[in-house]
Amino acid sequence: EKIKIVTWNVYFGKLEQKNRYLKLVEETLSYDPDIICFQEACEEFVKVLFKDKRITKEYVVSPLNSKMIAPENNWYGVMMLFKKDCIPSS
């Protein structure tokens with residue numbers, strides 16, 4: 001059995017930010033990944049991500065690391081998402 005992993009560096013400026021974040025979530029989910037890794041996941045991206053019901057229904061999300069500070073005092077950090085059906089039940 002294969003494990004599908006998708007990773008993205010999320011932050012790429014403010015131009016069309018929300019539209020790009022929506023497209024990034026859509027593109028990511030189109031691969032039906034078992035594990036998703038996001039680097040430079042800023043607050044605005046996290047808001048867009050959690051509005052997608054597929055994310056909240058199908059994935060467990062790692063705790064967010066908000067100690068990293070980006071320019072303009074907006075935080076960004078690293079996130080990992082694991083498909084719920086990939087996690088062994090106890």
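Computed from a predicted model, the values in this text were never measured in an experiment.
Between Ala41 and Val10, the closest heavy-atom pair is CA-CB, 4.2 Å.
Between Phe45 and Tyr11, the distance separating the two ring centers is not shorter than 6.0 angstrom.
Both Ile3 and Met80 are assigned to one and the same hydrophobic cluster, defined by single-linkage of ILVMFWY side chains at heavy-atom distances under 4.5 Å.
Thr7 pairs by the side-chain hydrogen bond (donor to acceptor under 3.5 Å, both in side chains) definition with Gln39, not counting sequence neighbours. Partners of Lys47 by salt bridge (charged side-chain N to carboxylate O under 4.0 Å, His left out), not counting sequence neighbours, listed by chain and number: Glu44. By the side chain to side chain contact (heavy atoms under 4.5 Å, CB included) test, Lys83 pairs with Asp32, Asp34, Glu58, Tyr59, Asp85, Cys86, sequence neighbours left out. Considering only residues two or more places apart in sequence or on other chains, Phe12 meets the ring pair (Phe, Tyr, Trp, His ring centres under 6.0 Å) condition with Tyr21.
Inter-residue side-chain proximity for Phe38 and Leu81 is flagged as met; some heavy-atom pair is nearer than 4.5 Å.
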Subject >> Evaluation steps, side-chain contact (heavy atoms from CB on, under 4.5 Å), between Lys4 and Ile35 >> reply: CA-CA 6 Å; Lys4 291 187 269 182; Ile35 300 171; over 6 Å; no
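A distance of 6.0 Å separates CE in Met79 from OG in Ser62, rounded to the nearest 0.5 Å. Going from atom CG of Leu49 over to atom CD1 of Ile55 covers 4.5 Å, rounded to the nearest 0.5 Å. Within the model, atoms CH2 of Trp8 and CG of Leu24 stand 6.0 Å from one another, a figure rounded to the nearest 0.5 Å.
Identified under the salt bridge (Lys or Arg N to Asp or Glu O under 4.0 Å) test for residues 16-29, with sequence neighbours left out: Glu26-Arg54.
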